[in-house]
Amino acid sequence: MIKFSPAGSSARSHNERKQIISKYVLDQGTATVAELAELTGVSTMTVHRDLGELAKLGVVRKFRGGVSALPPSVFQVNLEYRMSENRTQKEAVAATAAKLVEPGMSVMLDDSTTALALAKLLVTVAPLTVVTNARRIVDIFAGVPQTRLVGLGGDYSHTHEAFFGVLCVEAIESLAADMVFVSTMAMDSNTTYHQEQEVVLVKQAMLTAGRRKVLLMDGTKIKRTALHRLCSVEDFDYLVVDDGVDTQLLGEFMEQTTVRVADTEV
């Protein structure tokens with residue numbers, strides 16, 4: 001078992017520890033508190049506190065002496081938690097993707113946390129038209145001069161802090177964007193997936209509305225599958241991944257689309 005060496009009591013190390021616990025429990029199905037204490041190198045009391053937070057987020061279910069994963073709910077954890085996961089990789093992917101955007105373009109951004117990281121970098125690109133169903137992205141561009149902002153309405157999800165449903169899909173179908181940026185929670189060498197049907201329907205509508213389609217993926221989401229098929233890798237014009245993806249997989253992706261590899265060390 002690989003142990004996690006804590007970097008002190010900072011918020012960052014706290015978040016990293018919860019991510020390590022989450023991944024371990026998801027991979028194993030169940031785990032004891034003693035196992036997780038050994039894994040993370042902290043006390044059982046600290047592990048209990050972390051598990052309490054993860055249980056509130058719907059990632060795990062606690063039982064006496066241990067914890068089990070909640071697969072149907074793990075993909076519905078709130079936005080704050082998702083924003084804390086793999087931040088270095090997401091920011092690197094976003095920085096590489098931002099180079100594809102030029103002034104005067106219209107871009108459509110989904111509700112993913114990687115698209116949120118991208119949005120923060122696009123505020124200096126002007127003029128720009130931004131279309132999104134994500135409330136936090138709307139907040140970012142609401143006060144930015146020379147940005148035309150189009151917010152997609154529909155049924156609001158408090159978990160995702162974004163809009164979905166029939167009204168959202170219909171709004172997307174009335175638009176055409178120069179470039180669409182989406183991310184999703186799983187992909188294998190040929191196909192992308194997501195666990196939630198309502199999310200898939202909005203992403204698919206966005207991809208249909210885009211002249212060029214860009215998939216933003218950090219390496220932790222690769223070699224996974226989920227319930228609903230989103231689309232094939234070859235349907236994208238660009239795939240932007242971080243440098244943690246192995247060479248063989250990159251080669252397989254390159255046979256299907258144009259791949260941009262983001263340097264996490266920059």
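Any value given below was found using the heavy atoms of this structure, including those in side chains, with hydrogens, waters and symmetry copies removed.
No side-chain donor-acceptor contact under 3.5 Å links K62 and S68. Between the side chains of E35 and Y24, a donor-acceptor pair is found at a separation under 3.5 Å. Residues D50 and H14 bring a donor and an acceptor atom of their side chains to less than 3.5 Å of each other. A donor-acceptor contact closer than 3.5 angstrom links the side chains of T264 and D243. Side-chain contact check for S232 and R229: at least one donor-acceptor pair (N or O, by modelled atom type) lies under 3.5 Å.
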Could you go through F141 and R148, starting from their C-alpha distance and side-chain angles, then the distance that decides it, and tell me whether this counts as side-chain contact (heavy atoms from CB on, under 4.5 Å)? CA-CA 9 Å; F141 288 102; R148 180 186 180 191; over 6 Å; no
Take D188 and K221 through the test salt bridge (Lys or Arg N to Asp or Glu O under 4.0 Å) and record every step on the way to the result. CA-CA 9 Å; D188 57 26; K221 300 174 181 177; over 6 Å; no
Verdict with reasoning, V138 to L149, per side-chain contact (heavy atoms from CB on, under 4.5 Å): CA-CA 7 Å; V138 169; L149 177 61; 3.9 Å; yes
So H160 and F164, ring-ring contact (aromatic ring centres under 6.0 Å, His included) or not? Walk me through it. CA-CA 10 Å; H160 295 280; F164 300 97; 5.5 Å; yes
List the steps and the verdict of side-chain contact (heavy atoms from CB on, under 4.5 Å) for E102 and L128. CA-CA 8 Å; E102 300 176 357; L128 196 67; over 6 Å; no
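Under the 3.5 Å distance criterion, the side-chain polar atoms of N133 are matched with a main-chain donor or acceptor of F163. Of the possible polar contacts, one joining the S22 side chain to the K18 backbone as a donor-acceptor pair under 3.5 Å is found. No donor-acceptor pair closer than 3.5 Å links the side chain of T184 to the backbone N or O of T192. Judged by distance alone, with hydrogens and angles left aside, the side-chain atoms of T257 form a donor-acceptor pair with the main-chain N or O of F236 at under 3.5 Å. Side-chain atoms of T132 come within 3.5 Å of backbone atoms of L109 as a donor-acceptor pair (strictly under, hydrogens ignored). Between the side chain of Q256 and the backbone N or O of E252 there is at least one donor-acceptor pair closer than 3.5 Å.
Of the inter-residue distances, the one linking Q146 atom CD with T129 atom OG1 reads 11.5 Å to the nearest 0.5 angstrom. In this structure, NE2 in H194 is found 11.5 Å from CD in Q204, a value given to the nearest 0.5 Å. A distance of 9.0 Å separates OG of S106 from CG of L175, quoted to the nearest 0.5 Å. Atom CG of L239 is separated from atom OG1 of T258 by 9.5 Å, given to the nearest 0.5 angstrom. One distance of note links CE of M185 with OH of Y193; it measures 11.0 Å at 0.5 Å rounding. Put simply, OG1 on T114 and CE on M217 are 8.5 Å apart, with the number rounded to the nearest 0.5 Å.
You'll find the side chain of Y156 reaches within 4.5 Å of the side chain of R135, heavy atoms only. At a threshold of 4.5 Å between non-hydrogen side-chain atoms, the residues L122 and V130 do not count as touching. The closest side-chain heavy-atom distance from R260 to V214 is not below 4.5 Å. At least one side-chain heavy atom of V107 sits less than 4.5 Å from a side-chain heavy atom of V101. Counting only heavy atoms from C-beta outward, the side chains of V233 and T191 never approach each other to under 4.5 Å. Residues S112 and F181 are not in side-chain contact: their nearest non-hydrogen atoms beyond the backbone lie 4.5 Å or more apart. Put simply, the side chain of V33 does not reach to within 4.5 Å of the side chain of V67, judged on heavy atoms. Within the 4.5 Å cutoff, no side-chain heavy atoms of D110 are placed close to those of L216.
Between S174 and A171, the closest heavy-atom pair is OG-O, 2.7 Å. In terms of heavy-atom proximity, I140 sits nearest to L116 at CD1-CD1, 3.5 Å. Across all non-hydrogen atoms, the minimal contact from V261 to T96 is O-OG1, 4.4 Å.
Put simply, the residue from V150, D178, V180, L207 that forms a side chain to side chain contact (heavy atoms under 4.5 Å, CB included) with M108 is V180.
With hydrophobic clusters built from ILVMFWY side chains whose heavy atoms lie under 4.5 angstrom apart, V60 shares a cluster with L39. Both M187 and V202 belong to a common hydrophobic cluster when Ile, Leu, Val, Met, Phe, Trp and Tyr are linked at side-chain heavy-atom distances under 4.5 angstrom.
A salt bridge links D111 with K203: at least one charged nitrogen is closer than 4.0 Å to a carboxylate oxygen.
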